[in-house]
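I have placed the structure first, in the form of structure tokens, so that the comments after it can refer back to it.
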Amino acid sequence: MTSPTDITRDPFRLVVLDMAGTTVADGGLVEQAFSAAAQRLGVRPGSDEHARQLDYVRATMGESKISVFRHLLGDEDRAQRANTAFEEAYGELVDAGRIAPVPGAREAVERLASEGRTVVLTTGFARPTQDAILAALGWQDLVPLTLCPADAGGRGRPFPDMVLAAFLRTGAVDDVRLTAVAGDTSYDMLSGVRSGAGIVAGVLTGAHDTDRLTRHGATHVLGSVAELPDLIARAEAAGPPDPAARAGAAGLPAAPARAEA
């Protein structure tokens, strides 16, 4: 097991990155696709019900989309139909060329890989939509592993499951504290904190602002993911993070100290 001393010497060899809003600029396509899906279910754009639902979608950016529809609709059949309509609408927007890489994102991923780090891309979308995004950007071979909620047992963010699935599947590090997580939403931050990742970096290219990211546990807030390689290098030079402080910032109890055997 990695000791507290070892972690100061070992590099962050696992990097788990969100897609839309973090590495992928989609220009608000989530809201457009949601509106299209809601309309198919009879929710009129501009109505009070549409506004209420859209507020919830904005507040839960980063969460598995089927989970969002289950909360909004309260009926599994309607939720599944809404999710299918959402994924179809988003896919059509992707196919129309409405997405692009966040400036510097691909270069950041390639630099991280060249430094011997394993990079994993994660999303709250279903697998077909994730694959469509990767294909549209020419990123099918950019990283060795991509994950959606179904790949991690079905739970998306704010649960830590996708980060932990990356940790288990890649075997890139033997201590989850040597994982760096980056995302643009409060749920990305909670997912990283709950996984035990040593770096949980918020980026300002997507849904949420500095205050919200910090309140949900961000250890750092960056202008964009392009700044992440330098942040990791500085963190390695500075030593291990303070997990108790990060947990407190997110309103979570710090883990109790373990007695030495």
Side-chain angles (χ1 to χ4, degrees), residues 2 5-26 62 99-123 125 127 130-148 151-152 157 160 162-185 188-189 191-192 195-206 213 218-241 246:
T2 307
T5 301
D6 292 337
I7 199 171
T8 66
R9 296 194 301 265
D10 290 344
F12 287 87
R13 290 201 176 274
L14 178 60
V15 183
V16 181
L17 304 177
D18 170 53
M19 291 180 63
T22 301
T23 54
V24 179
D26 71 358
I99 61 167
V102 166
R106 183 182 185 114
E107 293 80 2
V109 170
E110 290 174 339
R111 175 180 162 187
L112 292 166
S114 74
E115 294 170 346
R117 310 184 201 279
T118 298
V119 181
V120 177
L121 294 176
T122 65
T123 185
F125 295 128
R127 170 56 63 181
Q130 184 178 38
D131 286 345
I133 294 170
L134 294 169
L137 298 177
W139 283 10
Q140 299 97 319
D141 300 316
L142 181 62
V143 299
L145 180 64
T146 62
L147 295 171
C148 67
D151 299 322
R157 311 178 189 102
M162 286 195 288
V163 178
L164 295 176
F167 170 72
L168 292 170
R169 291 195 189 190
T170 64
V173 293
D174 62 4
D175 188 320
V176 75
R177 293 175 295 171
L178 298 172
T179 301
V181 171
D184 65 293
T185 71
D188 290 318
M189 302 301 95
S191 177
S195 75
I199 292 175
V200 182
V203 298
L204 298 176
T205 49
L213 295 168
T219 58
H220 308 79
V221 177
L222 307 174
S224 84
V225 73
E227 301 172 23
L228 185 63
D230 286 341
L231 168 64
I232 293 175
R234 292 195 302 270
E236 288 173 343
R246 185 173 69 253

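Note that the structure is predicted; figures quoted are calculated from it, not measured.
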Side-chain heavy atoms of [X] within contact of [Y], under 4.5 Å:
| X | Y | answer |
| --- | --- | --- |
| Val181 | Met162 | no |
| Val24 | Trp139 | yes |
| Pro144 | Thr170 | no |
| Val102 | Val203 | no |
| Thr205 | Val225 | no |
| Arg169 | Leu147 | yes |
| Leu145 | Asp151 | no |

To the nearest 0.5 Å, tell me how far [X] [atom1] sits from [Y] [atom2].
| X | Y | atom1 | atom2 | result |
| --- | --- | --- | --- | --- |
| Ile232 | Arg111 | CD1 | CZ | 9.0 Å |
| Ile99 | Leu137 | CD1 | CG | 4.0 Å |
| Leu142 | Leu134 | CG | CG | 8.5 Å |

Ignoring hydrogens and geometry, is there a side-chain-to-backbone donor-acceptor pair from [X] to [Y] under 3.5 Å?
| X | Y | answer |
| --- | --- | --- |
| Thr219 | Val200 | yes |
| Arg13 | Gly116 | yes |
| Glu107 | Ala226 | no |
| Thr23 | Asp18 | yes |

Set out, in order, the CA-CA distance, both residues' side-chain angles and the distance that settles side-chain hydrogen bond (donor to acceptor under 3.5 Å, both in side chains) for Ser191 and Asp188, then state yes or no.
CA-CA 5 Å; Ser191 177; Asp188 290 318; over 6 Å; no
